[in-house]
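Some notes on the structure that comes next.
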Amino acid sequence: MPPVSSLVPLEWPDAWQEAGLAHLLEGTAFNCVLLPASAPAALEGALRERFAVLRTPAWRKLAEIDWRSPGDVVLIGDAGWPSVGAGPGSDEAEAGPTGLPWLESNGWLIRMARDLAPQSAVWIRSGPPEDADRIDAGLYLLAQCEAWAHGARRPLWMPPRVAAGLAQGNAAAMAWWRRLAANAGWWVQRAESASWPTAARLLVISGFAGADAQAATEFLNLAARRNLPWRAVLPEQAVPALRGMAAAVYVDQQPLEGGLLQGLTEFVRLGGLLVCLKEAAAALQGLSASAQTHPRYEIRQAGRGRVALSREGWEDPYVMAQDVHLLMSRRHDLVRLFNPGSILAWPAVSPDRRRLRVHLINYSRRGAAHDVAVQSWREVKAASIEMPGMGRQNVPVRREAGGWEVALEGFDTYCGLDLEGNWDG
Amino acid sequence: MAEDLVTRPTRRAFLAAAAAAGFSSRAAEAPAGRVAIARCHTYGPELHESLSRMLDQLGGAARLVRGKTVTMKINLTGSPTMRMGTVPAEKAQYTHPAVIGSLIRLLGDAGARRIQVVEGCFSSDEPLEEFLLAAGWDPALWATAAERVIFENTNTLGRGKRYARFLTPGGGHLFPGFDLNHAYADCDVVVSVAKLKEHATCGVTLGMKNMFGATPLTIYGDYAGREEPDESAARSGRVLVMHQGQRPPSKSAPQPREVGTPRDDKWRMPRIVADLAAALPVHLTVIDGIDTMAGGEGPWIRGVRPVHPGLLIAGLNPVCTDAVAAACMGFNPMAGRGTAPFEKCDSFLELAEQLGVGTRNLARIEVAGVPVEKARFPFRS
């Protein structure tokens, strides 16, 4: 079997009992078939001649994954279908507490899994969407793009009508298939750059387990909704990951101790911001009063940095994400969006740190109602964009009061914006 | 029945109208203040020179601010990430940061002891500096433009221990007073730094309408506390209390005289703007009309468009300054309801004049610099 990282998986529909339908996969990027438990052995045998075959992989809920031994592939089985508001197919966009549309997204959980299991591939799936009877490729394109952009795979799942239609040569089903297959082919060419790590100034430290898991994962979700990028790390691996960070959130209730305590003390002394529960910080030394006040945090000074001690815990992850963002300051945002609507942005940096790729995903699956622009404080020497089915195109960079800015063309699903410059530190 | 109660003029409204007859005498006596107009086409070096000259034409900045604490209310209406197409907010709905920065420098150079830059940030209690960063502005540039510059989001108590009360002389049209953030009391000079724009509810939004953003959301916001200000409630607009009168402000604050008043924002908002102008004296108004927008006050208004009047307007009396600014936009400041720009609303210029804040009669207003007729940039062309 080829290395897991090169697999492009597809969920073989239950209704396909004939290996002959595998001809649809020929010439496409799909090279791995996930077989249902009910698939006959003969079918499996036939498919194994041409594809990597996995029968009933062990999908797990996010909360059940042991991040200290994640295995070759992290299989997250409780992802959602990316959408705006209540769910796919809904015409009503629900507003979240931000007043912004509520977005169902998986980028945060993929990034979390990649951070916590850097040696593993990450695959996600979810149960059938509510409107699975519709032969509408848009939702599945968005779901595929979201997974690819964040560096994961989402085995292609076909609505039963599509699977049946393909078996019968139905034109609408074939059109659906061709769009999804072309999309996979486009992304395979970009697999390397999709694996670039997040460009973040915020480190989120947690065991992501037990009583701490809910607060930690919801924080990651809602910080991502604010377009606040982060890196997630387990406590025992946190100290080296502090390098280059402006702030660290230690989510867990377990009091800081040992190497992590020492590492965070030094991080703060040198100018970093540490946000944590008050009871977790009992062993921190050298804290002094700060002139800064906050309704939900006690702020302490230590060396050139600060410690923000949560008075009442992490009751509201939305407020927690907002507070952390503002405590560390938007000054550390690498990019900001104007007229973002239902678009989420996630910056990743190239290995030579000369290119910032801003993954922009439009969860509405419609062109934005207003012109969208991306701006950075840092000098942008050149910019280019690409969208599924298109080659990369240079786009003009203009200078505004807020820095260097790129106006985006409208896009339905995904736009990869590359900003050339110096993204060190 | 309930609807009748709030829309049909009552005896009390009738009496209020009769009392307005008394306003006319105050209007005739309303003070006049000099207004300066400058043509300025860019936010580059010519901006600072223009503003400096205008302040001199108004009698000099030192006379106004030397040794004093200045509170400078800027205009950041709407979300910092919302734009009219690709036009940055500072070239459309927000006061341009270069205007604010230049003014800070001029007032600092003139001897201001401390400059408090304030705004009631849109639906938010976050620090003003962070709001500015979200707009893509660097507050550090202002912080270093004068010796002591501080920032405050006045939607909450902020640095203050209690809200400051400002009573409307004569009781006002609707609000007999307002409770505001301490920054408006802990100062000697209030400056309104506004944008030259039309407004869906008030016809135009200039120096006086800018001050509406001074009302804290903890008291006047949709989620304001019922009895006392709620410091966690700064996450909405002021629609229910101010625009619509569907609920009162926190009981701790002066209550509007609501019985029989229309729940029509085009009746209410001009009165609130006028009452606020009377309650909270503004000593200097500066209006950024270099790059702005026509057709409304923000990108959320249908049909808005970018315009370039290339103008700066400044004055010591807020009504006079707004009257001159309205004239520069091609409107008659003496117009009343039914005439542009007040086709659908009452004129806050007229209402403020009735309260004796200042005259809107151009014949009584001395204009320095570019004459109005040469500065005119019709917004409805």
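Residue numbers start from 1 in every chain, and the chains themselves are labelled A, B, ... in the order their sequence lines are given, proteins ahead of strands.
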Chain B heavy atoms under 4.5 Å from R330(A): which part of the residue, side chain, backbone, both or neither?
both
One should read off an interatomic distance between L132(B) CG and L76(B) CG, to the nearest 0.5 angstrom, of 6.0 Å
Portion of E126(B) that has a non-hydrogen atom of chain A nearer than 4.5 angstrom
both
Against chain A, work out which of P139(B), P80(B), G85(B) has the most heavy-atom pairs shorter than 4.5 Å and name it.
G85(B)
State the CE-CG distance between M328(A) and L274(A), to the nearest 0.5 angstrom.
12.5 Å
Run the side chain to side chain donor-acceptor pair (under 3.5 Å) check on T71(B) and Q116(B) step by step: do they pass?
CA-CA 5 Å; T71(B) 289; Q116(B) 307 178 132; 2.7 Å; yes
R331(A), Q375(A), H325(A): which one forms the most heavy-atom pairs within less than 4.5 Å of chain B?
R331(A)
Heavy-atom donor-acceptor pair, R235(B) side chain to S232(B) backbone, under 3.5 Å
yes
So for atom CZ, which belongs to R247(B), do other residues, nucleotides or ligands contribute more than 12 heavy atoms lying within a distance under 6.0 Å?
yes
Side chain / backbone / both / neither for A89(B) at chain A, heavy atoms under 4.5 Å
neither
Apply the side-chain contact (heavy atoms from CB on, under 4.5 Å) test between T154(B) and each candidate in T215(B), V118(B), L180(B); give the one that qualifies.
V118(B)
For chain B, which of A401(A), P295(A), S376(A), A407(A) has the most heavy-atom pairs under 4.5 Å?
A401(A)
Is L337(A) close to chain B through its backbone or its side chain, or both, or neither, when contacts mean heavy atoms under 4.5 Å?
backbone
